[in-house]
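Structure first, then comments.
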Amino acid sequence: QVQLVESGGGLVQAGGSLRLSCAASIRTFNRYAVGWFRQTPGKEREFVAAINWSGGTTNYADSVKGRFTISRDNAKNTVHLQMNSLKPEDTAVYYCAATQRIGVVTIRGLYNYWGQGTQVTASS
């Protein structure tokens with residue numbers, strides 16, 4: 001069983017930055033692809049960014065390309081999401097997720113493990 005814990009959320013003014021972290025409970029985290037998703041009330045959870053097991057391949061939603069960067073430190077069993085130039089529309093609960101599928105995974109239903117989420121609020 002993989003447990004994921006997100007941290008780093010908070011309140012920031014539009015144009016500001018936040019760095020989210022996702023810490024995994026297992027030492028074999030380097031065998032998992034990881035994704036970040038976000039959700040606002042009344043809407044479905046949407047894809048934000050994903051990274052393969054090695055960190056060599058990434059994928060981003062069009063809405064965050066050029067502003068967000070996903071990375072991982074397998075020695076520390078951690079994945080990060082650096083969020084710059086935040087906009088009010090980025091406000092959401094952000095979740096990290098993990099799967100043993102190969103490659104970069106952008107589809108929510110293909111993830112097996114989820115964290116509890118962390119709130120990000122970008123005020124205008």
Side-chain angles (χ1 to χ4, degrees):
Q1 186 76 7
V2 179
Q3 292 185 326
L4 304 173
V5 179
E6 302 98 335
S7 61
L11 173 64
V12 64
Q13 286 191 330
S17 298
L18 284 173
R19 188 190 194 207
L20 304 184
S21 296
C22 174
S25 61
I26 59 171
R27 286 182 288 182
T28 56
F29 193 47
N30 59 1
R31 299 177 185 176
Y32 289 77
V34 176
W36 284 96
F37 292 76
R38 65 188 182 187
Q39 189 171 22
T40 54
K43 293 189 176 181
E44 290 193 352
R45 196 169 296 186
E46 66 174 5
F47 169 73
V48 175
I51 192 166
N52 74 329
W53 68 272
S54 70
T57 305
T58 58
N59 193 301
Y60 298 92
D62 288 343
S63 59
V64 306
K65 277 181 183 175
R67 299 188 298 121
F68 290 12
T69 302
I70 188 171
S71 63
R72 68 189 300 160
D73 183 344
N74 284 335
K76 297 183 178 179
N77 299 326
T78 303
V79 172
H80 301 288
L81 184 68
Q82 178 67 43
M83 305 186 296
N84 298 330
S85 302
L86 281 161
K87 303 176 181 180
E89 52 264 43
D90 294 318
T91 296
V93 177
Y94 283 70
Y95 299 88
C96 71
T99 177
Q100 287 183 293
R101 289 182 175 267
I102 302 299
V104 175
V105 181
T106 64
I107 300 173
R108 183 183 65 207
L110 297 181
Y111 282 92
N112 309 101
Y113 305 101
W114 292 84
Q116 82 289 347
T118 185
Q119 176 70 46
V120 170
T121 303
S123 63
S124 57

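The structure displayed is predicted, hence computed values, not measured ones.
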### Query
V12 and W36: same hydrophobic cluster, using ILVMFWY side-chain contacts below 4.5 Å?
yes
### Message
Atom CZ of residue position R101 - does it have more than 12 heavy atoms of other residues, nucleotides or ligands inside 6.0 Å?
### Response
no
### F29 reachable from L81 in the ILVMFWY side-chain graph, under 4.5 Å edges
yes
### Query
Does Q116 CD have over 12 foreign heavy atoms under 6.0 Å away?
yes
### Query
Checking E6 side chain against G117 main chain: does a donor-acceptor pair fall under 3.5 Å?
yes
### Message
Does the structure place the NZ or CZ of R67 under 6.0 Å from the centre of the six-membered ring of Y60, at an angle of no more than 45° from the ring's axis?
### Response
no
### Task
Take the angle between the ring planes of Y94 and F68 and call it parallel below 30°, perpendicular above 60°, tilted in between.
tilted
### Query
What heavy-atom pair brings A14 and P88 nearest, and what distance separates the two atoms?
CB-CD, 4.0 Å
### Joint hydrophobic cluster, F47 plus V93, side-chain heavy atoms closer than 4.5 Å
yes
### Query
Can you list every pair that meets salt bridge (charged side-chain N to carboxylate O under 4.0 Å, His left out) and has a residue in residues 15-40, with sequence neighbours left out?
R38-E46, R38-D90
#### Entry: T118 (side chain) donor-acceptor with G9 (main chain) under 3.5 angstrom
yes
### Message
Tell me which one of T99, I51, V34, N59 satisfies side chain to side chain contact (heavy atoms under 4.5 Å, CB included) with V105.
### Response
T99
### Message
Give me the atom names and distance for the closest heavy-atom approach of Q1 to S25.
### Response
O-OG, 4.0 Å
### Task
Only counting residues at least two apart or in another chain, list the ones meeting side-chain hydrogen bond (donor to acceptor under 3.5 Å, both in side chains) with S124.
none
### Query
Distance-only, no hydrogens or angles: does the N52 side chain make a donor-acceptor pair with backbone N or O of G55 under 3.5 Å?
yes
### Task
Determine, for W114 and R108, whether the Lys NZ or Arg CZ falls below 6.0 Å from the six-membered ring centre while staying within 45 degrees of the axis.
no
### Task
Please report the C-alpha distance between S21 and H80 in whole Å, then the side-chain angles of each, then the deciding distance to 0.1 Å, and finally whether the side chain to side chain donor-acceptor pair (under 3.5 Å) criterion is met.
CA-CA 4 Å; S21 296; H80 301 288; 2.9 Å; yes
### Query
With the 4.5 Å side-chain cut-off for hydrophobic clustering, are L4 and V104 part of the same group?
no
### Task
Any chance you could measure L18, atom CG, to L11, atom CG, to the nearest 0.5 Å?
8.5 Å
### Test log, rule side chain to side chain donor-acceptor pair (under 3.5 Å), inputs T91 and E89
CA-CA 5 Å; T91 296; E89 52 264 43; over 6 Å; no
#### Entry: Worked check of side chain to side chain donor-acceptor pair (under 3.5 Å) between D73 and T78
CA-CA 5 Å; D73 183 344; T78 303; over 6 Å; no
